[in-house]
Undergrad: 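After the structure tokens below, expect a handful of questions from me.
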Amino acid sequence: MTVLSIRGLKVYFSTEDGIVKAVNGVDLDIGENETLGLIGETGCGKTVLGLSILRLLSENTVVEGEILYRGMDLLKLSEEEMRKIRGKEIAMIFQNALTSMNPVLTVGTQVSEPFELHHGLRRRDALMKAIEMLKLVRISSPSERVKEYPHEFSGGMRQRAMIAMGLACEPSLIIADEPTTGLDVTIQAQVVELMKELTMRSRTSMLLITHDLGVAAELCDNIAVMYPGEIVEYANTVEIFKNPKHPYTQGFLDSLPGRGLKPMEGMSPSLINLPEGCKFHPRCPFALERCKREHPRMVEIGNNHQVRCFLYD
Ligand code: SF4
């Protein structure tokens with residue numbers, strides 16, 4: 001069963017420099033207990049896409065299309081109805097726990113808040129639940145740690161506390177935005193392992209937003225590759241790594257340590273000033289004349305593998 005279905009999503013906002021087309025016609029589906037990785041370079045619109053699902057964008061943002069959560073269009077709900085969904089049905093794990101957690105509230109208060117808000121538990125009972133959650137994410141001496149403030153936690157502990165907050169109400173869907181960025185490699189591996197274990201245990205679906213292909217390979221069932229504002233390739237994780245088809249995906253993978261460490265030519269275009277035709281044509285070693293004028297559509301090339309490139313159309 002599909003938990004989240006996004007159709008024709010566009011997210012634009014105005015700035016002094018012009019209109020930022022952060023998401024430009026995205027279709028995505030996430031099934032029950034599926035982890036979908038949304039990968040791409042920094043600034044390609046993936047965080048904006050994640051925030052738009054929970055309607056956490058500023059008021060000057062124009063959002064068009066459909067974001068169907070279990071068949072219900074989130075873009076049509078009232079703010080009151082959205083408040084009941086956030087944290088309870090769909091939770092978000094942000095990329096930097098130090099800036100995302102409230103520095104003047106104890107970790108216990110913050111982890112227990114969803115239990116008070118969504119389950120109506122009294123403070124004391126909610127705090128007991130918070131202690132259980134911290135224990136689940138392997139924070140030692142949780143009954144003591146709940147009294148501490150975020151700055152008293154190490155980076156890895158803070159990120160685990162964020163995961164505890166995200167999982168507190170056993171949501172159906174988690175949006176995890178670069179959950180391991182800024183952590184050292186050992187802690188990163190522990191956090192990835194923990195997320196894998198917890199989402200499997202609670203059968204939670206997840207949209208994992210990351211530029212780290214190693215993390216995506218560990219956690220994801222399927223991968224959607226984003227290049228400024230749109231999905232350019234989609235397939236299951238093994239297929240993406242073994243048989244990448246889009247020249248951008250190939251270049252992105254070739255730049256990884258262990259796969260050639262070959263930097264990709266050129267820079268990602270500005271979301272304010274996107275090129276005509278295929279957005280990747282100024283950097284593409286295989287660009288054809290038509291790539292400069294026409295916009296390629298997403299085509300199915302078999303085995304549930306889709307690519308947006310004229311080489312396959
Ligand atoms: Fe390259 Fe053309 Fe394919 Fe775009 S459509 S990725 S420019 S070959």
Side-chain angles (χ1 to χ4, degrees), residues 6-12 18-29 36-50 64-65 207-214 216-217 220-313:
I6 294 178
R7 290 290 170 266
L9 183 68
K10 291 185 178 174
V11 185
Y12 295 175
I19 296 176
V20 177
K21 295 182 175 174
V23 179
N24 213 0
V26 162
D27 297 333
L28 276 183
D29 290 303
L36 173 70
L38 185 62
I39 65 168
E41 291 163 291
T42 305
C44 72
K46 41 190 205 310
T47 292
V48 172
L49 192 152
E64 287 174 13
L207 176 65
L208 175 73
I209 298 169
T210 185
H211 66 273
D212 187 329
L213 290 167
C220 301
D221 301 299
N222 296 304
I223 286 184
V225 181
M226 197 162 178
Y227 190 72
E230 59 186 18
I231 306 298
V232 294
E233 185 157 7
Y234 171 89
N236 75 53
T237 304
V238 175
E239 175 81 359
I240 282 278
F241 280 88
K242 274 200 171 159
N243 198 17
K245 293 293 186 194
H246 196 281
Y248 172 68
T249 315
Q250 291 168 349
F252 200 35
L253 288 172
D254 287 347
S255 69
L256 288 179
R259 291 190 68 140
L261 207 62
K262 204 170 119 208
M264 220 184 316
E265 293 282 317
M267 302 271 288
S268 223
S270 147
L271 291 166
I272 294 178
N273 196 11
L274 291 165
E276 290 292 311
C278 171
K279 312 278 176 280
F280 190 58
H281 86 255
R283 302 171 78 183
C284 181
F286 311 106
L288 314 162
E289 224 12 76
R290 71 185 289 210
C291 304
K292 298 179 189 163
R293 300 184 311 268
E294 296 172 44
H295 184 232
R297 65 189 178 116
M298 205 68 166
V299 287
E300 172 75 48
I301 57 166
N303 201 16
N304 199 21
H305 189 160
Q306 295 156 24
V307 191
R308 189 185 294 281
C309 174
F310 289 129
L311 298 178
Y312 305 93
D313 191 9

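Predicted model, so just to flag it, every value in this text is computed and none were measured. All ligand and atom numbering here is 1-based and tracks the order in the structure.
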Undergrad: Salt bridge check, Glu41 against Arg283: does any charged N sit closer than 4.0 Å to a carboxylate O?
TA: yes
Undergrad: Counting C-beta onward and ignoring hydrogens, is there a side-chain heavy-atom pair between Val20 and Tyr12 closer than 4.5 Å?
TA: no
Undergrad: Are more than 12 heavy atoms from other residues, nucleotides or ligands located less than 6.0 Å from atom CG of Leu274?
TA: yes
Undergrad: Which heavy atom of Gly229 sits nearest to which heavy atom of Leu271, and what is that distance?
TA: N-CD2, 4.1 Å
Undergrad: Taking NZ, NE, NH1 and NH2 as the nitrogens, is one of them in Glu239 or Lys242 under 4.0 Å from a carboxylate oxygen of the other?
TA: no
Undergrad: Cation-pi check, Arg290 to Phe310: give yes when NZ or CZ is under 6.0 Å from the six-membered ring centre and within 45° of the ring axis, no otherwise.
TA: yes
Undergrad: Close to atom 3 (Fe) of ligand 1, meaning under 2.8 Å, how many protein N, O or S atoms are there?
TA: 1
